[in-house]
Structure formats: C-alpha cells, structure tokens
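Each remark here refers to the structure printed beneath this line.
Quantities reported herein were computed from a predicted structural model and do not represent experimental measurements. In what follows, chains are A, B, ... by sequence order, proteins preceding strands, each numbered from 1. Hydrogens, waters and symmetry mates are skipped; everything else that's a heavy atom, side chains included, is used.
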Amino acid sequence: MGFRSEETPPVQNPDDPGRNPTLDNIQQLGQTNVPAVESNIFCMSVIGQVEGHMILPPQNKTTKYEHLIPQLVGAEQNPRIEGVLIILNTVGGDVEAGLAIAEMIASLSKPTVTLVLGGGHSIGVPIAVSADYSIIAETATMTVHPIRMTGLVISVPQTFEYLDKMQERVNRFIISHSRISEDKLKELLFKTGEVPRDIGATVGGPDAVRFGLINQVGGIGEAIAELNRRIAERRAGRGQAEVPLQ
Amino acid sequence: MILHTVLPHELVLAGWDEAAYDYHDVVIDGISMQVEYFGSARAKIIRLYSGNLSDYLNPLYAPGSVIHYRPTQIRE
C-alpha cells in the first residue's frame, strides 16, 4: 500500500560517489525532484462549493463529498497515517454534505487539525469546528448566517419549522464542537447590517477566536506543530495502553 | 437539497440546464471508476467506485486526473 504514484527507477549506480541525483534530474528532465517521503499526516482541502446530491454547473469550483468521505475512511484505517490536516477555503454548499464531512472529521480517532484560510463560510463553519483543534488565518473570515430557501416555498408554518430544524442541526453541531455559546451563535446568526442583502455576521480571524468558534489565530506552521504535538501525545498514550494488564 | 452558501443561488446554479456530461463506468487496474470522455482517447476520472480504501489514497487515480486509453475493437 503506497501513496506514491510512481517510483523513479535508479538510472545510474546509486553507489557512484560522483552522482548527484538532483543534478541528474536537472540535466535529464529539466526539473528538480521532490524527495518522495511518505508523510504520516494526511492533508485534505475543502475548497469552493461543498457539493452533495447535485452536480453543480462547471463554473463552480467544488469539493465533492463522495471524494472526501472514502479518503477519510482510508486515512482512519491506514496505520501509516497518524494525523489529518484539513485546509478550508470554502464558500459553503450543500447542508447534508457539509454536515456529513464535519461528522466524519469529528469522529476520526486520529488527531485532526483544521486551518481556515481565506474563508470558511456558511456550511464551512461546522467543518471548521469539527476537528480536535482549529486554527484560522488572521485575514480569513467566516460568515455565520441562516440557511436560506429558494424555489417553491409553501407559505405554511411547517415550512418555517422545516427550515428551523435544518438550522438547528447545524447550530447544535457548531455548539457541541466549539466553545461558542448558543446565545452568542444566535446573536451572530441574526445580526443585521453586516452581510449585504442578508442577515448574519462576518467574523474575522481574531473575532472567531474571541467568540470561541476557533481555537487559535495562526497559519500552516502552527497547524503542523499542533498536529505533531497531538500525534506525539497519542503515541505516548498508546504506549501506556499497550502494557499487558495481568 | 438545501444550499447553505454565501454565494447567491443564481450564481451557483447558472448554466444548470446546459451542462452535458459524457460519463462512463470503466475498470482500470481492477479499480472500478466513473470517467468522463473528452478529446481523442482521453478521459478524466470523475470518481472511484472501488471499495478498496488504498485506491482512494493513490494520487494516480485521484478524481480529476486524466487517463489515456487506446481504442480497441470489441468482438461480439
């Protein structure tokens, strides 16, 4: 089982002292070779629209949930993968697909860290908070706003209740996976004057941390450091657990 | 399906009725997958159907990658 797509066959005798593989590659292929080192961290990015039940038109950049879910299962099952890093720059998308991805990340037994770059909007919020630890770039924003409905709307109280239930699923996930209080989340959701033509709030990096939505402001350095720290912690914990009981 | 996004729905769904997909199910190296034919003898991997988890971690068959195929005669 390997992650490398190709293995470069040795062109020359590897013991040749005069051999410089990087130089060989530059001369032969006009490119430098990235050393093929298998990482113990699995990196997954969620970009553009989160695509679920419907194929979105091609002008959308999408992240399809049927691609991410088996990858997450693979990462959980593969013994060589010790931690999962999720990088988010998403405008939101399908509620059910977003929640499915968030639940998958939240239920992984391996350490997980999310990094929000650029934006983690709408259904990106539950994905951002789903990991063990979440980091947001200083310039990144998260738009917290209620679910909208388009198309056929029947003007009966049930329509409102249906939407309210849908919103409640998202809210419950965010509250149970971050430090934000229900009151604060609802306050952000129903804020006016921040999002054009809509209600809701645009939360910047430092504010997301202040409100308890995200753990820390930082970047890739902090994300990898935190993930490595958690991996080391898990290794140490497992070492103790493996001591026979009798 | 409910979209929860900051983008207006009319932008997300623009061109909805024009999209045409040429999807086919094929098996390559024992991996069942869905591909989209385009150009001559080229296909883009849309998604894998395989139940083997390591297939999903193999960048060679990652969705979006382009494969080349050789047209062969089918004897029926």
Roughly how far apart are A/Leu213 CG and A/Ser178 OG, rounded to 0.5 Å?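 So the gap between those two atoms works out to 5.0 Å.
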
So how far is it from A/Leu68 CG to A/Ile127 CD1, rounded to the nearest 0.5 Å?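 A/Leu68 atom CG to A/Ile127 atom CD1 measures 8.0 Å (nearest 0.5 Å).
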
Below 4.5 Å, heavy-atom pairs only: which of [options] has the largest tally toward chain B?
| options | answer |
| --- | --- |
| A/Thr62, A/Ile147, A/Val170 | A/Ile147 |
| A/Lys64, A/Glu96, A/Glu66 | A/Glu66 |
| A/Ala97, A/Pro57, A/Pro58, A/Gly119 | A/Pro57 |
| A/Val91, A/Leu56, A/Val50, A/Val95 | A/Val91 |
| A/Gly200, A/Ser122, A/Gly74 | A/Ser122 |

Any side-chain heavy-atom pair from B/His4 and A/His145 closer than 4.5 angstrom?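 SC-SC contact between B/His4 and A/His145 confirmed.
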
Any heavy-atom pair between the side chains of A/Phe42 and A/Gln71 that's under 4.5 Å?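 The answer is yes; the side chains approach within 4.5 Å.
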
Taking CD in B/Glu36 as the centre, count heavy atoms belonging to other residues, nucleotides or ligands within less than 6.0 Å. Is the count above 12?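 Counting neighbours around CD of B/Glu36, more than 12 heavy atoms of other residues, nucleotides or ligands fall under 6.0 Å, so yes.
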
Please check if the number of heavy atoms outside A/Phe160 that lie under 6.0 Å from its CZ is greater than 12.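 At most 12 heavy atoms, drawn from other residues, nucleotides or ligands, come within 6.0 Å of this atom.
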
Side chain, backbone, both or neither: which part of [X] has a non-hydrogen atom closer than 4.5 Å to chain A?
| X | answer |
| --- | --- |
| B/Leu11 | backbone |
| B/Ala14 | both |
| B/Ile45 | neither |

Ion pair check, A/Lys165 and A/Glu168, cut-off under 4.0 Å: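 No, this pair does not count.
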
Engaged part of A/Asn60 at the chain B interface, taking heavy atoms whose separation is under 4.5 Å: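 For A/Asn60, side-chain heavy atoms alone lie under 4.5 Å from chain B.
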
What part of A/Ile55 gets closer than 4.5 Å to chain B, counting heavy atoms only: side chain, backbone, both or neither?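 Both backbone and side chain.
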
Pairs of heavy atoms under 4.5 Å with chain A: top-ranked of B/Leu53, B/Thr5, B/Leu3: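 Option with the top pair count is B/Thr5.
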
Answer with yes or no whether the side chains of B/Asn52 and B/Ser54 bring together a donor and an acceptor at under 3.5 Å.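 Side chains of B/Ser54 and B/Asn52: pair found under 3.5 Å.
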
